[in-house]
Amino acid sequence: MAEIVTVPCRTDNYAFLLHDRETGKTLLVDAPETAPIADALAARGWLLSDILVTHHHDDHVAGVEELRAANGAAVWGASADAHRLPPLDHALAEGDTVTVGSLAGSVIEVPGHTIGHIAFHFPDQRLVFTADSLMALGCGRLFEGDAAMMWSSLQKLSALPHGTLVCSGHEYTEANARFAMTIESDNAALRARSAVINDTRNRGEPTVPSKLGEELATNPFLRAHLPEVKAAVGMEEASDVEVFAEIRSRKDRF
Ligand code: ZN
Ligand code: FE
């Protein structure tokens, strides 16, 4: 059994703690800053054994060195980005396994937002840590990769079991919902989800994590292959990637 804790950090970042009850080990996914993560560990009496890094941006790695030093934690990250990540104890590529106590996560390369972005899928816990690749009702901006790259990354995540919880890196969901409604205002599942998101945010609660099945039904960035979405953006004859690129560039201008 494992326990997951969402830790709000900085303005709108999320870090995640995953605690293995069997061995007492605890892993962290991303370290936007130190204090809230150290507090969340202390409040539960957990010791940090491992830090998993999704990508090199400062709002995901700023706390790594301090948390590593304070806890003697091992750091895992993409070998492709080893030159611009904190020093790695374990350099990872597609299909590699991260083992922490009885927890085992597989590495999925999800380039697009950055070239070396990776996600971590823990099938037994039904969790996937996606940071700035797949997000709640959104996806990360294409800072380094192109639309074809991000679309194929999102395809890999879409193929996971639909009950998987998507632990993404930011609370951008309210704005993402407003944008999604400009693409698919007729999507009943999206309208219902938007209402829930507004209520959740009005109560000051996080909208992350979300269920993959819910993302597949409502997230426009996972839906560019569908005839109704192609029609909605006036691109019935275009390829999936072209439609995805159009939706992504509309979001950039939204
Ligand atoms: Zn980022
Ligand atoms: Fe980020």
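Just so it is clear, the values below take in all heavy atoms, side chains as well, and ignore hydrogens, waters and symmetry mates. Source: prediction; values computed, not measured. Indexing begins at 1, ligand by ligand and atom by atom, following the structure's order. Nothing fancy with the numbering, it's 1 onward along the sequence.
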(message) Please determine whether side chain to side chain donor-acceptor pair (under 3.5 Å) holds for the pair His60 and Asp132, giving the CA-CA distance in whole Å, both sets of side-chain angles, and the decisive distance to 0.1 Å.
(response) CA-CA 10 Å; His60 299 259; Asp132 298 355; 2.9 Å; yes
(message) Between Ser158 and Leu216, is there a side-chain heavy-atom distance shorter than 4.5 Å?
(response) yes
(message) Are the side chains of Val5 and His19 in contact, using a 4.5 Å heavy-atom criterion?
(response) no
(message) Quick one, His56 with Asp81, criterion side chain to side chain donor-acceptor pair (under 3.5 Å). Give me CA distance, side-chain angles, the key distance, then yes/no.
(response) CA-CA 7 Å; His56 72 86; Asp81 266 353; 4.8 Å; no
(message) Could you report the tightest heavy-atom contact between Leu154 and Phe221, atom names first, then the distance?
(response) CD1-O, 3.6 Å
(message) Please tell me whether Thr164 and Arg126 have a donor and an acceptor in their side chains that are separated by less than 3.5 angstrom.
(response) no
(message) One pair to check against side chain to side chain donor-acceptor pair (under 3.5 Å): Thr23 and Asp20. What are the steps and the verdict?
(response) CA-CA 6 Å; Thr23 61; Asp20 179 26; 2.6 Å; yes
(message) Are Glu3 and Leu18 packed together at the side-chain level, in the sense that at least one heavy-atom pair is separated by less than 4.5 angstrom?
(response) no
(request) Write down the atom of Arg193, the atom of Leu137, and the distance for their closest heavy-atom approach. (result) NH1-CG, 3.4 Å
(request) Check which protein N, O or S atoms are less than 2.8 Å from the Fe ion (ligand 2) and report how many there are. (result) 4
(request) Could you grab the protein N, O or S atoms closer than 2.8 Å to the Zn ion (ligand 1) for me? (result) His55 NE2, His57 ND1, His113 NE2, Asp132 OD2
